[in-house]
Amino acid sequence: MKIATWNINGVKARLETVQEWLKEASPDVACFQEIKSVDENFPRQPFEDLGYNVETHGQKGFNGVAILSKTPLEDVERRLPGNDDDEQARYIEATVTHGDGVVRFGCLYLPNGNPLGTEKFPYKLGWMDRLLVHAEKRLAEEVPFILLGDYNVIPDPVDAKNPENWTDDALFQPESRQKFRALTHLGMTEAIRACTEAPETFTFWDYQAGAWQKNNGIRIDHILMSPQANDKMLGCGIDKHVRGWEKPSDHVPVWVTLAA
DNA sequence: ATGTCGGAGCGACTCCGA
């Protein structure tokens with residue numbers, strides 16, 4: 001079973017690119033972030049034509065997440081619990097049958113948090129606190145649970161080409177990194193770090209200032225696995241080549257494979 | 001040293017968010 005996450009930066013602008021990648025990579029489950037579409041306008045048909053079931057949680061203009069699965073998506077829940085006043089579409093959860101068991105997926109688009117000194121950074125930290133509470137609840141259920149998406153957190157200096165350039169950025173603040181570590185300390189395994197020790201393992205390259213050409217990347221898209229999911233993990237990868245395609249997203253797909 | 005992109009609202013440019 002192959003499971004992927006990708007911040008596509010706009011489903012309308014990326015439709016052909018995403019279809020091309022789905023044909024090439026053929027994930028069983030794909031989580032997308034920044035669909036930038038309301039649910040009614042999400043182009044479901046092109047994905048259904050490729051054999052996917054589709055569930056979305058979108059809003060107008062920005063944010064928005066989606067889960068695609070070759071097998072049915074069940075018990076779909078939208079919104080991260082913990083703040084009924086939060087109107088931003090950043091979380092969707094669903095269960096997929098896998099072999100003789102099930103896997104629950106949480107697809108997330110964690111707030112960016114920039115610029116520091118505005119209400120955006122405490123919103124990010126509050127959202128991470130809610131995610132910690134929710135993950136703890138899911139982990140207590142002791143079923144395979146995978147929390148994947150654009151975390152907007154650079155976990156460690158090794159996860160940036162030029163970490164010194166990120167010291168004033170919300171993605172690399174000590175508080176952001178501490179809360180990300182706290183998630184793993186609940187017992188979740190961060191898949192890419194568990195699968196590879198390769199240097200310069202990045203998932204995002206800014207559109208600006210020739211970041212891609214200079215490999216000036218960061219690693220902010222993560223797949224966190226509960227113990228029951230981690231026990232099944234076979235391998236992982238990052239589809240870096242997709243960043244070099246025509247009309248790319250600034251992020252690339254990240255994936256894991258699980259034993260049946 | 002600088003370099004971008006997507007979407008919305010408006011009315012073919014400017015702003016926002018990243």
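The chains referred to below are lettered A, B, ... by the order of the sequence lines, with proteins before strands, and numbering in each begins at 1.
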[atom1] spacing across the pair [N] / [M], given as an integer number of angstrom:
N: dG6(B); M: dA1(B); atom1: C1'; answer: 26 Å
N: dT2(B); M: dA8(B); atom1: C1'; answer: 28 Å
N: dG7(B); M: dG11(B); atom1: C1'; answer: 16 Å
N: dA18(B); M: dA12(B); atom1: P; answer: 27 Å

Evaluate the criterion salt bridge (charged side-chain N to carboxylate O under 4.0 Å, His left out) for residue pair E55(A) and R78(A); output intermediate values, then yes/no.
CA-CA 10 Å; E55(A) 294 288 348; R78(A) 294 169 176 81; 2.8 Å; yes
Select one nucleotide: of [options], the one nearest the side-chain heavy atoms of [X].
X: K214(A); options: dG3(B), dA18(B), dG6(B); answer: dG3(B)
X: Y207(A); options: dC5(B), dG17(B), dG7(B); answer: dC5(B)
X: A209(A); options: dC5(B), dG17(B), dG3(B); answer: dG3(B)
X: K60(A); options: dG9(B), dG7(B), dA18(B); answer: dG9(B)

When syn is taken as a glycosidic angle within 90 degrees of 0, is dA12(B) syn or anti?
syn
Whole angstrom value for the distance that separates [atom2] of [N] from [atom1] of [X]:
X: D250(A); N: dG6(B); atom1: CG; atom2: P; value: 9 Å
X: N63(A); N: dA18(B); atom1: CG; atom2: C1'; value: 10 Å
X: N7(A); N: dG17(B); atom1: CG; atom2: P; value: 17 Å
X: F121(A); N: dG17(B); atom1: CZ; atom2: P; value: 18 Å
X: D206(A); N: dG6(B); atom1: CG; atom2: P; value: 13 Å
X: Q213(A); N: dT4(B); atom1: CD; atom2: C1'; value: 11 Å
X: W205(A); N: dG3(B); atom1: CH2; atom2: C1'; value: 19 Å
X: Q88(A); N: dA18(B); atom1: CD; atom2: C1'; value: 13 Å

Neighbour count >12 (heavy atoms, 6.0 Å) for atom CD, E197(A)
no
By the 4.0 Å heavy-atom rule, please label F204(A) as base, sugar-phosphate, or nothing.
nothing
Residue pair P248(A)/N112(A) against DNA chain B: nearer the 5' end by closest nucleotide is P248(A)
Contact nearer the 5' end of DNA chain B, comparing K120(A) with Q208(A)
Q208(A)
Could you tell me the Watson-Crick or G-U partner of dG9(B), where both distances fall under 3.5 Å? Say none if there is no partner.
dC13(B)
Ring pair (Phe, Tyr, Trp, His ring centres under 6.0 Å) for W6(A) and W21(A)? Distances and angles first, verdict last.
CA-CA 11 Å; W6(A) 189 13; W21(A) 173 76; 5.2 Å; yes
Side chains of D221(A) and T5(A): donor-acceptor distance under 3.5 Å anywhere?
no
For D169(A), the option from N114(A), N112(A), N152(A) that meets side chain to side chain donor-acceptor pair (under 3.5 Å)
N114(A)
With ring pair (Phe, Tyr, Trp, His ring centres under 6.0 Å) as the test, would you mind laying out the steps for F47(A) and F42(A) before giving the verdict?
CA-CA 10 Å; F47(A) 298 113; F42(A) 189 89; 5.7 Å; yes
